[in-house]
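Data first, discussion second: the structure below is written as structure tokens.
The figures here come from the full heavy-atom set of this structure, side chains too, leaving out hydrogens, waters and symmetry mates.
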Amino acid sequence: MSLQVELEQHRNVLIVRLRGELDHHTADVVRFKMEDAILRGRCDHVVLSLKDLQFMDSSGLGVILGRYKLVKSRGGKMVVCDIQSNVRRLFELSGLFKILSVYETERSAVASLEVVS
């Protein structure tokens with residue numbers, strides 16, 4: 001299975017929806033698309049929606065951590081929402097939940113960032 005990346009800007013929040021599998025084959029595509037959107041767009045914050053992400057490996061963790069550092073260095077915040085149980089487990093084991101807030105829905109994630117802005 002491949003990966004689809006959907007980007008949407010809502011005010012100053014970039015919403016990134018991932019569908020499929022985020023692994024070493026698809027990590028560079030996600031890295032490029034997210035960086036391009038963050039650096040070109042007028043977005044301060046990122047919502048990573050993982051509702052349709054079926055699989056992720058350590059390459060995916062690296063992409064997420066790298067984009068988190070980029071957003072944070074620009075004074076923004078990144079949050080995650082709609083995480084499938086197998087991907088949630090990887091986040092827990094890696095310790096990413098120590099730096100990323102998680103929300104049940106995309107709407108609540110976006111709302112939390114609009115308060116920050």
Side-chain angles (χ1 to χ4, degrees):
M1 179 179 238
S2 62
L3 180 77
Q4 293 177 333
V5 181
E6 180 184 328
L7 304 174
E8 177 184 328
Q9 189 156 344
H10 178 78
R11 295 191 184 125
N12 65 335
V13 177
L14 176 67
I15 302 168
V16 180
R17 296 181 190 100
L18 301 179
R19 181 176 295 117
E21 298 181 356
L22 177 52
D23 57 19
H24 68 280
H25 296 292
T26 58
D28 286 337
V29 172
V30 175
R31 179 180 296 114
F32 173 77
K33 286 187 176 188
M34 284 184 71
E35 273 186 17
D36 187 54
I38 292 166
L39 296 174
R40 285 178 176 240
R42 295 178 50 155
C43 54
D44 300 319
H45 311 295
V46 174
V47 169
L48 199 55
S49 179
L50 305 179
K51 181 180 182 178
D52 296 315
L53 188 68
Q54 275 81 43
F55 174 81
M56 184 171 72
D57 67 7
S58 61
S59 301
L61 290 174
V63 168
I64 292 170
L65 185 58
R67 283 356 82 207
Y68 164 80
K69 289 179 179 179
L70 174 63
V71 169
K72 186 171 174 154
S73 73
R74 296 168 55 95
K77 189 173 178 186
M78 178 187 279
V79 298
V80 181
C81 66
D82 288 327
I83 303 178
Q84 300 279 346
S85 59
N86 59 335
V87 175
R88 180 181 290 272
R89 177 97 172 112
L90 189 58
F91 270 68
E92 288 169 353
L93 291 171
S94 69
L96 271 180
F97 285 141
K98 293 177 183 173
I99 61 171
L100 293 174
S101 297
V102 63
Y103 293 88
E104 291 299 314
T105 66
E106 191 175 292
R107 178 177 284 192
S108 61
V110 170
S112 77
L113 293 174
E114 289 178 343
V115 172
V116 171
S117 301

Show the nearest heavy-atom pair for residues Ala37 and Leu7, with the distance to one decimal.
CB-CD1, 3.9 Å
Shortest non-hydrogen contact from Met34 to Leu14?
O-CD2, 4.5 Å
Taking only residues two or more places apart in sequence, or in another chain, which ones meet Gln9 in a side chain to side chain contact (heavy atoms under 4.5 Å, CB included)?
Arg42, Cys43
Same apolar cluster: [X] and [Y], side chain cutoff 4.5 Å:
X: Leu70; Y: Leu18; result: yes
X: Val29; Y: Phe55; result: no
X: Leu61; Y: Leu65; result: yes

With heavy-atom distances below 4.5 Å as the criterion, would you say the side chains of [X] and [Y] are in contact?
X: Leu3; Y: Asp23; value: no
X: Arg74; Y: Ile38; value: yes
X: Glu21; Y: Thr26; value: no

Could you go step by step and tell me if Asp28 and Arg31 meet the salt bridge (charged side-chain N to carboxylate O under 4.0 Å, His left out) rule?
CA-CA 5 Å; Asp28 286 337; Arg31 179 180 296 114; 2.3 Å; yes
Is there a donor-acceptor pair under 3.5 Å between the side chain of His45 and the backbone N or O of Lys77?
yes
Chi angles and distances behind the side chain to side chain contact (heavy atoms under 4.5 Å, CB included) call for Leu48, Ile64:
CA-CA 9 Å; Leu48 199 55; Ile64 292 170; 3.6 Å; yes
Name every donor-acceptor pair, under 3.5 Å, that has one atom in a side chain of residues 84-99 and the other anywhere in the protein, sequence neighbours excluded.
from: Gln84; atom 1: NE2; to: Lys51; atom 2: O; distance (Å): 2.4
from: Asn86; atom 1: ND2; to: Gln54; atom 2: O; distance (Å): 2.5
from: Ser94; atom 1: OG; to: Leu90; atom 2: O; distance (Å): 3.1
from: Ser94; atom 1: OG; to: Phe91; atom 2: O; distance (Å): 3.0
from: Ser94; atom 1: OG; to: Leu96; atom 2: N; distance (Å): 3.3

Can you give each donor-acceptor pair under 3.5 Å made by side-chain atoms of residues 100-111, sequence neighbours left out, with the distance rounded to 0.1 Å?
from: Tyr103; atom 1: OH; to: Ser112; atom 2: OG; distance (Å): 3.3
from: Thr105; atom 1: OG1; to: Ser108; atom 2: N; distance (Å): 3.1
from: Thr105; atom 1: OG1; to: Ser108; atom 2: OG; distance (Å): 3.0
from: Glu106; atom 1: OE1; to: Arg17; atom 2: NE; distance (Å): 2.9
from: Glu106; atom 1: OE1; to: Ser49; atom 2: OG; distance (Å): 3.4
from: Glu106; atom 1: OE2; to: Arg17; atom 2: NE; distance (Å): 3.4
from: Glu106; atom 1: OE2; to: Arg17; atom 2: NH2; distance (Å): 2.7
from: Ser108; atom 1: OG; to: Thr105; atom 2: N; distance (Å): 3.4
from: Ser108; atom 1: OG; to: Thr105; atom 2: O; distance (Å): 2.9

